[in-house]
Amino acid sequence: MSPSLRRVLVVGHGMVAHRFVSSLLEHAQEGGRPVPAVTVLGAEDRPAYDRVRLSSWFDDRDPGGLHLDPYPEGAVEVVAPATVVAVDREAQTVTTADGAVRGYDTLVLATGSKPFVPPVEQHAAPGCFVYRTLDDVEAIAAYADGRKTGVVVGGGLLGLEAAKALTSLGLETTVVEFAPRLMPLQVDDGGAAALQARIAELGVTLHTGTRLDRVLVDDLGVARAVRAVRGEEVVTADADLVVFAAGVRPEDSLARAAGLDVGERGGIVVDELCRTSDERIYAIGECALAADGRVYGLVAPGYQMAEAAAAHIAAASDERAFTGADTSTKLKLLGVEVASFGDAFGTADGAMAATYSDSRRRVYRKLTIAPDGRLLGGILVGDADDYGTLRALVGEQPPAPAEQLLLPAGTAGAVAIGPAGLPDSAVLCSCHNVTKGAICTAIHGLAEKGTEEVTPKQVGLCTKAGTGCGSCVTSIKSLIKASGTGGSSGLCEHFSQTRSELYTIVRRDRITTFADLLARHGTAARDVSDGCDVCKPAVGSILASLGGLLAEAEGTGRKPHVLDGGQAALQDTNDHVLANLQRNGSYSVVPRIPGGEITPDKLIVIGEVARDFGLYTKITGGQRIDLFGAQMADLPKIWRRLVDAGFESGHAYGKALRTVKSCVGSTWCRYGVQDSVKMAIDLELRYRGLRAPHKIKMAVSGCARECAEAQSKDVGVIATERGWNLYVGGNGGARPRHADLLATDLDDSTLIRTVDRFLALYIAEADRLERTATWVERYEGGLDRLRGVLIDDAEDRGADLEALIAAHIEAYTDEWRAVLDDPVKLARFATFVNAPEAPDPTVAFVPERGQIKPLLTLGRR
Amino acid sequence: MWIAVCKYGELEPGRGVAALVDGAAVALFRLGDGSLHAVGNVDPFSGASVISRGITGMRADGTATVASPMYKDVFDLATGVALDAPDVRLPVYAVRRHRGVVWVSPDVTSGPAPDAELLTAATSAA
């Protein structure tokens with residue numbers, strides 16, 4: 001027996017300690033080695049339990065359900081509760097709180113971590129809890145009885161678990177998170193938005209970007225509310241009960257006192273075999289600062305450390321050395337699936353991202369990809385069924401393009417790669433580091449042994465796969481199902497390229513029809529002759545953006561109309577008829593009013609048109625007038641009246657420039673320093689009708705008071721004494737973003753040239769339906785590179801970018817007028833092909849406040 | 001009963017039209033491969049009569065689809081079934097092309113597709 005193995009003493013009895021002890025016993029058994037004398041000192045008065053599933057205690061309140069497998073009879077001495085108060089390294093002993101002293105040959109510290117409680121006033125008042133142990137949850141449940149409100153401090157993984165617990169206790173629950181989004185470590189803004197929307201639906205109040213200031217107590221000193229601060233704003237929330245779940249810190253105090261090396265920010269320093277600075281002492285799990293310089297707060301890396309230490313202690317093997325782990329996670333929080341794996345934020349050099357977001361279904365999916373096409377990682381919110389497969393593909397070339405992997409199952413174009421499509425080397429179970437190959441071998445082995453029905457549990461007994469966090473069980477199931485039948489078809493349809501790649505292809509090859517692009521660059525089988533509602537509008541938009549350039553190349557000088565021939569069938573909802581579809585199937589019409597400047601005569605025309613066609617009128621946020629309730633068949637008649645009076649389409653329906661909002665500027669305003677109205681009109685007329693991946697909003701303010709709110713726009717211009725400051729990437733809406741200052745004190749022509757380049761670059765490179773805000777945020781090389789490209793022409797793209805805008809301006813025509821001039825297009829506005837003038841019987845209105853509103857007869861979403 | 005609705009040549013591939021068939025609004029599509037499909041024009045998710053203004057498509061398995069312009073729900077043109085909500089479906093109408101004219105039958109077929117004879121008739125009649 002190696003001397004190190006004679007007496008092994010383990011401090012702490014959480015999941016990692018349990019894994020270590022189990023593994024140590026297995027090593028002894030496998031190698032026919034002598035069984036060590038193992039003693040475990042646990043601080044809690046319980047057997048080891050599954051802390052990851054702590055919240056499930058609330059389901060049946062039976063702690064027994066969480067207990068981990070007991071050790072073989074007589075193999076291990078477990079002493080609990082036993083709190084170790086000192087380690088004497090020279091004497092090789094530890095002392096417990098009751099004064100008992102125990103000797104060791106090898107000491108393993110698995111002390112875990114302690115909850116971080118922000119040092120705010122009254123943080124220890126009665127009613128304040130942490131969320132880590134079974135004792136904690138039992139205390140929370142007992143205290144919550146008869147109380148009404150609860151606040152969870154912390155919107156990370158643990159915080160949301162706690163929030164779930166409080167809602168299940170019937171408390172009105174509020175979450176306060178310091179970071180600007182929930183789960184800041186696992187998901188990005190897009191993922192958090194989907195998550196937050198879902199959680200808000202469940203009745204949990206969320207305050208992100210909010211710092212807890214203090215716990216407010218009543219006369220008796222009992223917690224009653226919390227006070228928090230968001231920016232300048234003070235937020236208070238009633239809280240009969242406060243749960244701190246704002247992160248954890250390594251529990252390294254014992255090691256510190258014993259003089260072991262600890263990290264600057266905590267954690268017991270260990271090497272790849274989990275040895276501390278004293279070779280007789282190991283540290284594993286959350287208390288350790290691993291050799292890669294990280295403290296891991298997840299169980300899977302903790303297990304790997306346990307295996308590393310056990311292999312080294314039992315067999316002097318360094319085969320399981322712990323060199324680092326990825327922090328992939330998949331959980332269900334408040335009923336919402338959230339998964340994050342690999343390089344989820346795309347921090348690697350040159351990483352690119354593809355995202356899918358459906359705010360209606362609260363689904364967000366993102367994959368990050370290396371320049372050579374290898375999958376780096378991803379974030380899945382709301383639909384994470386294929387987490388196991390995607391995580392296992394990290395580092396590999398995926399068998400289908402990322403765009404298709406992103407689409408949720410059931411979406412047109414989605415490709416389901418089951419685990420069958422994975423290479424054998426792919427690690428499916430990261431808790432136990434089990435490859436797909438090993439799992440398949442086990443399945444075949446079981447089948448050969450005559451097992452009638454192979455189950456994941458049997459596979460788990462053979463390989464340990466699926467017995468950790470359980471997230472790979474789905475994958476194991478489908479491997480069992482597929483065993484003997486081979487892999488998935490790998491067939492995919494439509495396009496394997498990104499929107500940006502398609503843009504490049506269309507521009508390079510001068511492709512003018514969707515059918516041509518599908519035939520030459522699509523991935524579809526030959527008999528799949530059509531795209532879908534995702535790729536068709538996207539390609540329609542690209543063809544429209546490039547229309548001017550293509551017309552120029554053809555020498556026709558005439559830009560194709562979005563409702564021309566083959567393009568007409570590509571246009572989505574609004575572009576389909578050049579008006580905005582409303583909920584009852586009627587449309588709204590918005591004529592262009594550049595800069596919001598309009599003569600009384602033109603105002604009167606709008607009024608007359610609205611009156612004569614019975615339209616509801618409303619002033620829009622973009623300084624124009626929207627006319628609602630038009631039947632499709634009436635659209636050309638309404639346009640005729642407007643066009644004759646000198647109006648044109650305002651493109652309120654398009655993924656295109658909407659309006660350029662402006663303040664009144666130096667002409668009238670006492671403070672204005674430039675003519676913001678003129679600049680707004682110039683910009684609006686320059687970019688009108690320019691199709692883009694998403695809508696574009698602009699604004700021009702005549703002075704720093706910023707009355708036009710330019711910093712919330714895709715392109716914002718603010719006058720200075722010496723010219724114009726240019727901001728890009730702003731957004732209002734559900735997720736407001738302040739625009740970034742790109743350049744200062746530009747003269748008129750430099751400003752316009754820079755905006756030309758910005759828009760052309762956005763059109764060339766953004767994803768489908770990606771606003772400038774997210775595009776700018778993820779722009780590779782950041783704002784500095786963007787400045788280089790747009791202002792200094794650092795990458796020699798300026799002329800190319802400007803050419804797109806120049807060709808667009810050259811070929812611009814009013815889309816409404818073009819319809820009025822073309823009988824073929826006009827015929828499409830018939831209500832019914834066999835009864836063109838018959839009104840649509842489903843479109844009806846009732847009066848409200850002197851105007852009309854839709855009469856809705858059927859249930860709505 | 002078959003009702004003549006329009007000339008086949010008036011239909012643009014991939015772009016639908018609405019037709020009034022015995023008082024019912026029907027969405028009529030001619031797809032890129034020349035096939036004809038007719039389903040109810042009222043989107044069951046919104047109650048608006050807009051299906052004919054949706055975008056047609058084809059899945060990898062050859063399923064022809066239309067996406068409602070209202071909330072983008074996708075329907076199987078052959079069965080009328082909403083792909084993401086199989087209990088919701090559009091009525092499916094028999095449609096055929098004869099001597100350059102498109103005919104629709106107001107009798108809603110309850111089966112998965114217009115019968116084979118009709119499909120043959122629709123594709124063989126030039």
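- Heavy atoms closer than 4.5 Å to chain A are found in both the backbone and the side chain of B:V5.
- Put simply, of A:L570, A:V843, A:V833, the one with the most heavy-atom pairs under 4.5 Å next to chain B is A:V833.
- Under the 4.0 Å criterion applied to side-chain N and carboxylate O atoms, A:K536 and A:D572 are not assigned as salt-bridge partners.
- Heavy atoms of A:T831 lying under 4.5 Å from chain B belong exclusively to its backbone.
- The pair A:E815-A:R691 counts as a salt bridge, with a side-chain nitrogen and a carboxylate oxygen less than 4.0 angstrom apart.
- Applying the salt bridge (Lys or Arg N to Asp or Glu O under 4.0 Å) criterion to A:K637, with sequence neighbours excluded, gives A:D634, A:E837.
- Among A:V824, A:D840, A:N834, A:L581, the residue making the largest number of heavy-atom pairs under 4.5 Å with chain B is A:N834.
- Note: B:A18 leads B:G14, B:G32, B:G54, B:A18 in heavy-atom pairs under 4.5 Å with chain A.
- If you measure heavy-atom distances from B:A64 to chain A, you find no contacts under 4.5 Å at all.
- A distance of 5.0 Å separates NE2 in A:H694 from CG in A:L769, rounded to the nearest 0.5 Å.
- Residues A:W816 and A:W639 place their aromatic rings such that the two centres sit under 6.0 Å apart.
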